[in-house]
2 protein chains.
Amino acid sequence: MPGVTQQPQRADARRNVQAILEAAAVCLSRDPDASVAEIARSAGVGRVTLYGHFENRAVLVEAVVVRAIEEGDAALDAVDLSGDAREALARLVRQSWLTVVQVGSLLTAAAEALGPERVLALHERPVSRVERLVDRGRADGVFRSDLPASWLVGTLHRVMHGAAVELDAGRLAPDDAATTITATVLAAFTPPGTPVPAVPDGVAR
Amino acid sequence: MPGVTQQPQRADARRNVQAILEAAAVCLSRDPDASVAEIARSAGVGRVTLYGHFENRAVLVEAVVVRAIEEGDAALDAVDLSGDAREALARLVRQSWLTVVQVGSLLTAAAEALGPERVLALHERPVSRVERLVDRGRADGVFRSDLPASWLVGTLHRVMHGAAVELDAGRLAPDDAATTITATVLAAFTPPGTPVPAVPDGVAR
DNA sequence: TGTAACTCGTACAGCGGTGTTCGACTACGG
DNA sequence: CCGTAGTCGAACACCGCTGTACGAGTTACA
């Protein structure tokens with residue numbers, strides 16, 4: 001049994017681990033209920049080998065999710081969140097959308113395998129990023145303060161996920177997605193009594 | 001084997017069918033993967049008896065969903081959709097929310113067991129109701145026309161479902177739900193450049 | 001009150017998933 | 001070029017689920 005707790009020592013073993021992680025990401029993004037056998041096959045690896053590197057299905061799923069979140073979060077580091085909170089939100093949406101499209105139904109798989117609260121905990125960094133932006137926007141008076149901040153964050157999250165669903169149902173064109181999401185969220189975040197902003201161009205398209 | 005195709009003839013049989021349908025509604029609203037055994041037990045009925053009345057798990061699920069949709073749709077008949085489309089939307093949300101809370105994760109179960117397209121087909125009546133209202137609002141210029149109508153309808157649907165999630169995660173107070181949903185959707189539907197309306201009071205609370 | 005309709009528990013077969021064991025084989029890396 | 005870390009497939013036990021079969025018991029209803 002290869003190093004389940006430690007890093008595997010041999011080069012091919014490490015390569016296999018990576019292959020498994022990537023295959024799992026692909027499979028779980030397509031089908032949240034993908035079986036271990038399916039993932040192993042797709043990684044070009046025996047099922048036994050997979051169990052050699054990951055104790056459980058749950059452990060594997062967690063590893064994949066952690067990886068995906070880290071990558072997504074790293075990509076968000078490049079986004080400029082200064083200036084007008086509305087424009088910053090548009091930029092944030094644009095980048096986040098790329099991640100959301102990639103991960104697909106991975107989070108559904110995670111929710112089933114790890115429980116929703118664990119998934120939420122793993123999301124801590126990206127979520128707090130949005131929270132900070134929302135708070136700033138509220139302080140500046142450009143985002144509404146009549147609803148809980150957590151609700152606004154959740155709405156952003158859900159609108160994006162909804163766009164992913166509409167996308168692969170063919171009811172939303174891939175090129176329109178980012179703009180549509182931004183337009184919707186920006187409007188939803190607008191304080192009552194103030195006009196809904198247009199989507200800043202060149203940002204979300 | 002009791003009348004699987006025909007109506008059962010004896011009173012207790014009909015009573016059992018009703019009990020099963022109600023128990024299934026409750027169980028599936030809680031857990032979309034509830035087993036047949038669980039449902040039967042919760043209905044105070046043997047598993048065999050259940051299979052006497054419903055060939056499949058799928059058939060049972062479909063029966064429950066059809067029932068729930070019919071009831072929900074019937075309740076919507078009472079809603080006044082005339083006048084200002086924004087106020088009509090608020091009234092519609094208020095009534096729809098009651099149904100959404102009740103059905104919980106039933107639709108998730110339906111999607112797994114029947115496939116998303118079948119579920120969508122069963123929703124035809126309530127969906128077209130919303131579509132008509134959205135179209136009217138757009139014609140009157142109070143709802144935005146820069147996004148697909150299907151997207152707006154989907155957004156309404158998803159915000160409601162999101163509220164249900166937030167609700168039983170304890171992040172949203174039951175009394176605030178309808179108002180929060182209305183405020184969010186009303187804003188999301190507002191055309192760019194025009195002010196976001198306040199939630200009409202006495203309507204959503 | 002009798003009979004047909006219905007229900008019950010138990011037991012079974014089948015399926016598809018997870019996780020483990022085994023022994024033989026392969027290729028990495030010193 | 002050798003020892004060993006790692007891999008392989010096949011087989012196994014186990015689980016929970018669905019759907020079916022049986023035979024005995026109970027209840028509605030005329």
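Proteins get letters first, then strands, A, B, ... in listed order; numbering begins at 1 in each.
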Asks: A/A58 or B/N16: which one's nearest nucleotide on DNA chain C is closer to the 5' end?
Replies: B/N16

Asks: Atom CZ of B/R15 to atom C1' of D/dC29: distance rounded to whole Å?
Replies: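 For the pair B/R15 CZ and D/dC29 C1', the rounded distance is 13 Å.
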
Asks: Quick check for you: among D/dC22, D/dT18, C/dG29, whose closest atom lies nearest to any side-chain atom of A/R10?
Replies: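 Closest nucleotide among those given: C/dG29.
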
Asks: Take atom CG of A/D33 and atom P of D/dC17, then tell me their distance rounded to the nearest Å.
Replies: 15 Å

Asks: In whole angstroms, how far is the P atom of C/dG17 from the CG atom of A/L28?
Replies: 14 Å

Asks: Please report the interatomic distance NE2(A/H123) to CG(A/L107), rounded to the nearest 0.5 Å.
Replies: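 Between A/H123 NE2 and A/L107 CG, I get 4.5 Å after rounding to 0.5 Å.
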
Asks: To the nearest Å, how far apart are A/L50 CG and D/dG9 P?
Replies: 13 Å

Asks: Any side-chain N or O of A/H53 under 4.0 Å from OP1/OP2 of D/dT7?
Replies: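 Result: yes.
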
Asks: For A/R47 and C/dT18, what is the distance between atoms CZ and C1' respectively, to the nearest whole Å?
Replies: 7 Å

Asks: Drop me the distance from B/L172's CG to B/D175's CG, to the nearest 0.5 angstrom.
Replies: 10.0 Å

Asks: B/D12 and side chain to side chain donor-acceptor pair (under 3.5 Å): which single residue from B/R10, B/R15, B/R14 fits?
Replies: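 The single option meeting the side chain to side chain donor-acceptor pair (under 3.5 Å) with B/D12 is B/R10.
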
Asks: Measure CG/B/L60 against P/D/dC17 and give the value in whole Å, please.
Replies: 15 Å

Asks: On DNA chain C, check which nucleotide each of B/G46 and A/R57 is closest to and give me the residue with the more 5' one.
Replies: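 Comparing both residues, the 5'-ward one is B/G46.
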
Asks: Nearest to the side chain of B/A11 - D/dG19, D/dC29, D/dG6?
Replies: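 My answer, after comparing the listed nucleotides, is D/dC29.
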
Asks: Which atom pair, heavy atoms only, marks the closest approach of A/R171 to B/S150?
Replies: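 In this case the closest contact between A/R171 and B/S150 is O-OG, 4.3 Å.
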
Asks: Between atom OH in B/Y51 and atom P in D/dT20, what is the gap in whole Å?
Replies: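 Computing the B/Y51:OH to D/dT20:P distance gives 8 Å.
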
Asks: Of the candidate nucleotides D/dT18, D/dT7, C/dG17, which contains the atom at the shortest distance from the side chain of B/V36?
Replies: D/dT18

Asks: If you check the B/V48 side chain, which of C/dT18, C/dC8, D/dC8 turns out closest?
Replies: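 Closest of the options to the side chain of B/V48: C/dC8.
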
